[in-house]
Asker: 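Structure incoming, see below.
None of these values were measured; they are calculated from a predicted model. Below, chains carry the letters A, B, ... as their sequence lines are ordered, and counting in each starts from 1.
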There are 2 protein chains.
Amino acid sequence: MSSPTPKQVLFAHFAAVAKTIGNAHRIDLLQQLAQGEQSVETLARKTGLTVANTSQHLQHLRRAGLVAARRDGTFIYYRLADDAVLDVLAALRRVAERNLAEVEQVVRGYFDNRDAMEPVTREELARRLKTGDVTILDVRPEDEFALAHVPGAINVPLKELEARTAEIDPMKDIIAYCRGAYCVYSYEAVAKLRAKGFRIRRLEDGLPEWKAAGLPVESASKEN
Amino acid sequence: MSSPTPKQVLFAHFAAVAKTIGNAHRIDLLQQLAQGEQSVETLARKTGLTVANTSQHLQHLRRAGLVAARRDGTFIYYRLADDAVLDVLAALRRVAERNLAEVEQVVRGYFDNRDAMEPVTREELARRLKTGDVTILDVRPEDEFALAHVPGAINVPLKELEARTAEIDPMKDIIAYCRGAYCVYSYEAVAKLRAKGFRIRRLEDGLPEWKAAGLPVESASKEN
DNA sequence: AGAGTATTCAATTGAATACTTGAATAATAA
DNA sequence: TTATTATTCAAGTATTCAATTGAATACTCT
């Protein structure tokens, strides 16, 4: 048996990367990291995995070149190694949505029927950012808001929405966003606030897609 | 344990699709199918797998929604279910090339150093197609040429190049192309013909990328 | 109906993967 | 130096995956 050709070597590497993504927990971890870098402990809590298991999955992702890490004291923070990782996930989602009946069904049943919620395009939001005539509501957890958010957004995590509606100007239109596709937070925020008479819609996707489009973001530590 | 959320169900499906791609043989099959639909027997021969094994991998790909099949007499022809499958492969390649040292090394050592071969962009080739001042040389096997090719291309499979150089006008510039990234045929064609004094360069990628860019193709059975 | 061809299926075997658990490691604070 | 916290590693177990082999299936031709 001859030695493998360059093509075979490369396909084996690509297969290894794909196989690494071929685990729902690791996809969840990558989607969490799309919001910004986070520690192992934080990632474990958000995904519901044990710390040991989270760590093992992160090693796997790191060996595959999908994430990178830095140590800060006893904490180790992981981040996406390359924003192009999100392109892989988006491409996978697109193929699955178009070609797997079960996926289409779940998406239609849970997400699309809620699009009586009239998703707002990124372009439209970018335009309204300039005119300042809209409240931008980020319903993600505070730590993710701190990492990065749409400039001028206010942060009311979904869990606190009922308790904090007084903070939201009822005279202005509202656009809510969260982590991205399949994050139910913005759907639920729209439902809750519409029930109280607010004029609210949701952004078509999430913060990572906004950033990938080159649109401006702010974070708690610096402006850009 | 509660029932899975829609997000969890969707991530499980995406993971299953990624896992299906996480095998070098199945990646090879998908790249072969990027050239057009082919029978199990043909795919087995091109990938060096047994027919039974090829068939099993194709079932896996079909269940994942990545390929589709049609029967013609005793032959079953497989094709890509969705051109977006190639987007997944391209995104995987991009991430691997940028983030895995081993991949970068193989690419640099085998492919990029040959880019003293001055790859031609698709746009440039499209322009020169119109002026008709260039020979377009398709060095893929004849059956793939028959499935689809750049209009006006001549087909001299790499294996037959030595024997058929008389068919190539030495007074015209030549642009060679093959299956796509990591297909060595066009690299080798450039090397062989340059050694004989021909003015030849290679297209930056392959026929699938040309098609995906919306550029015209012909096939043996019909024009479009 | 029977033979031939192409393809798929099912069982087996060995390899690979994922989770859990407990131990080990690295950094910090006292 | 010792204790604490965060994280990783290694071993064991259960599950899944891939290739092989032989049988079964589907279609065509005579």
Side-chain angles (χ1 to χ4, degrees), chain A residues 1 4 8 11-30 32-33 37-79 81 143, chain B residues 1 4 8 11-30 32-33 37-79 81 143:
Chain A
M1 187 162 296
Q8 286 170 323
F11 284 1
H13 280 295
F14 302 159
V17 175
K19 191 182 286 188
T20 300
I21 298 176
N23 173 282
H25 294 316
R26 292 198 286 276
I27 289 182
D28 202 354
L29 289 166
L30 291 174
Q32 294 293 341
L33 291 172
E37 81 169 356
Q38 290 167 81
S39 69
V40 180
E41 194 178 71
T42 299
L43 289 166
R45 182 165 42 77
K46 289 185 174 181
T47 56
L49 300 171
T50 63
V51 170
N53 202 12
T54 300
S55 180
Q56 278 180 325
H57 282 302
L58 288 167
Q59 300 318 306
H60 215 26
L61 289 167
R62 193 167 49 72
R63 283 194 296 275
L66 296 167
V67 305
R70 72 175 174 90
R71 181 185 276 272
D72 182 358
T74 53
F75 288 89
I76 302 209
Y77 290 91
Y78 282 85
R79 65 186 180 277
D143 64 319
Chain B
M1 183 162 296
Q8 285 171 324
F11 283 1
H13 280 297
F14 302 159
V17 174
K19 190 181 287 188
T20 301
I21 298 176
N23 174 281
H25 295 319
R26 292 197 287 272
I27 289 182
D28 202 354
L29 288 167
L30 291 173
Q32 294 294 341
L33 291 172
E37 80 170 357
Q38 289 168 78
S39 68
V40 180
E41 192 179 72
T42 298
L43 289 165
R45 181 164 44 76
K46 288 185 176 182
T47 55
L49 301 171
T50 61
V51 170
N53 201 12
T54 299
S55 180
Q56 278 182 325
H57 283 302
L58 288 167
Q59 300 321 305
H60 213 25
L61 289 167
R62 193 165 51 70
R63 281 194 299 275
L66 296 166
V67 306
R70 72 175 174 89
R71 180 184 276 273
D72 182 356
T74 54
F75 287 89
I76 302 209
Y77 291 92
Y78 282 84
R79 65 188 181 274
D143 63 320

Asker: Any protein N or O atoms within reach of nucleotides 23-25 of chain D? Criterion: under 3.5 Å, listing atom names and distances.
Answerer:
none

Asker: Taking only N and O in the side chain of B:His60, is any of them less than 4.0 Å away from OP1 or OP2 of D:dC17?
Answerer: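 Answer is no, no contact under 4.0 Å.
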
Asker: Write out all pairs satisfying salt bridge (Lys or Arg N to Asp or Glu O under 4.0 Å) with one or both partners inside residues 15-30 of chain B, taking only residues at least two apart or from two chains.
Answerer: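 Listed once each, the pairs are A:Lys7-B:Asp28.
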
Asker: Once side chain to side chain contact (heavy atoms under 4.5 Å, CB included) is applied, do any residues pair with B:Ala52, and if so which ones, sequence neighbours excluded?
Answerer: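 If we apply the side chain to side chain contact (heavy atoms under 4.5 Å, CB included) test to B:Ala52, skipping adjacent residues, the hits are B:Thr50.
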
Asker: Check side chain to side chain contact (heavy atoms under 4.5 Å, CB included) between B:Arg79 and all other residues, then give those that pass, not counting sequence neighbours.
Answerer: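 Partners of B:Arg79 by the side chain to side chain contact (heavy atoms under 4.5 Å, CB included) criterion, ordered by chain and then number, come out as B:Glu37, B:Ala68, B:Arg70.
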
Asker: Find every protein N or O atom lying less than 3.5 Å from an N or O atom of nucleotides 10-12 of chain D, and list the pairs.
Answerer:
{"unit_1": "D:dA10", "atom_1": "N6", "unit_2": "A:Gln56", "atom_2": "NE2", "d": "3.4"}

Asker: Assess whether a salt bridge exists between B:Lys46 and B:Asp143, defined as any Lys/Arg side-chain N lying under 4.0 Å from an Asp/Glu carboxylate O.
Answerer: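 Answer for the salt bridge query: yes.
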
Asker: Check ring pair (Phe, Tyr, Trp, His ring centres under 6.0 Å) between A:His60 and all other residues, then give those that pass, not counting sequence neighbours.
Answerer: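 Counting only residues at least two positions away or on another chain, A:His60 forms no ring pair (Phe, Tyr, Trp, His ring centres under 6.0 Å).
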
Asker: Treating primed atoms plus P, OP1 and OP2 as sugar-phosphate and everything else as base, which nucleotides of nucleotides 25-30 of chain C get B, S or - for protein heavy atoms under 4.0 Å?
Answerer: -SBS--

Asker: Output all residues satisfying side chain to side chain contact (heavy atoms under 4.5 Å, CB included) with A:Thr74, sequence neighbours left out; order by chain, then residue number.
Answerer: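 Side chain to side chain contact (heavy atoms under 4.5 Å, CB included) list for A:Thr74, sorted by chain: empty.
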
Asker: Pick base, sugar-phosphate or nothing for A:Ser39, based on heavy-atom distances below 4.0 Å to the nucleic acid.
Answerer: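 Touches sugar-phosphate only.
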
Asker: Tell me every residue that passes side chain to side chain contact (heavy atoms under 4.5 Å, CB included) with A:Ala16, counting only those two or more places apart in sequence or in another chain.
Answerer: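 In terms of side chain to side chain contact (heavy atoms under 4.5 Å, CB included), with neighbours along the sequence ignored, A:Ala16 is linked to no residue.
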
Asker: Just report the end-to-end axis angle for the helix from C:dA1-D:dT30 to C:dA30-D:dT1, five pairs per end, to 10 degrees.
Answerer: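 Inter-axis angle at the ends, rounded: 20°.
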
Asker: Below 4.0 angstrom, which residues in residues 43-50 of chain B have at least one non-hydrogen atom near DNA chain C?
Answerer: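 The stretch gives none, as no residue of it lies under 4.0 Å from the strand.
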
Asker: Within the pair B:Tyr78 and C:dA6, is there a side-chain N or O less than 4.0 Å away from OP1 or OP2?
Answerer: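 Answer is no, no contact under 4.0 Å.
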
Asker: Which residues within residues 15-30 of chain B lie with some heavy atom under 4.0 Å of an atom in DNA chain C?
Answerer: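 None, since no heavy atom is under 4.0 Å.
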
Asker: Do A:Thr54 and A:His57 make a side-chain contact, defined as non-hydrogen atoms from C-beta onward lying under 4.5 Å apart?
Answerer: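 Side chain of A:Thr54 against side chain of A:His57, heavy atoms only: no contact under 4.5 Å found.
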
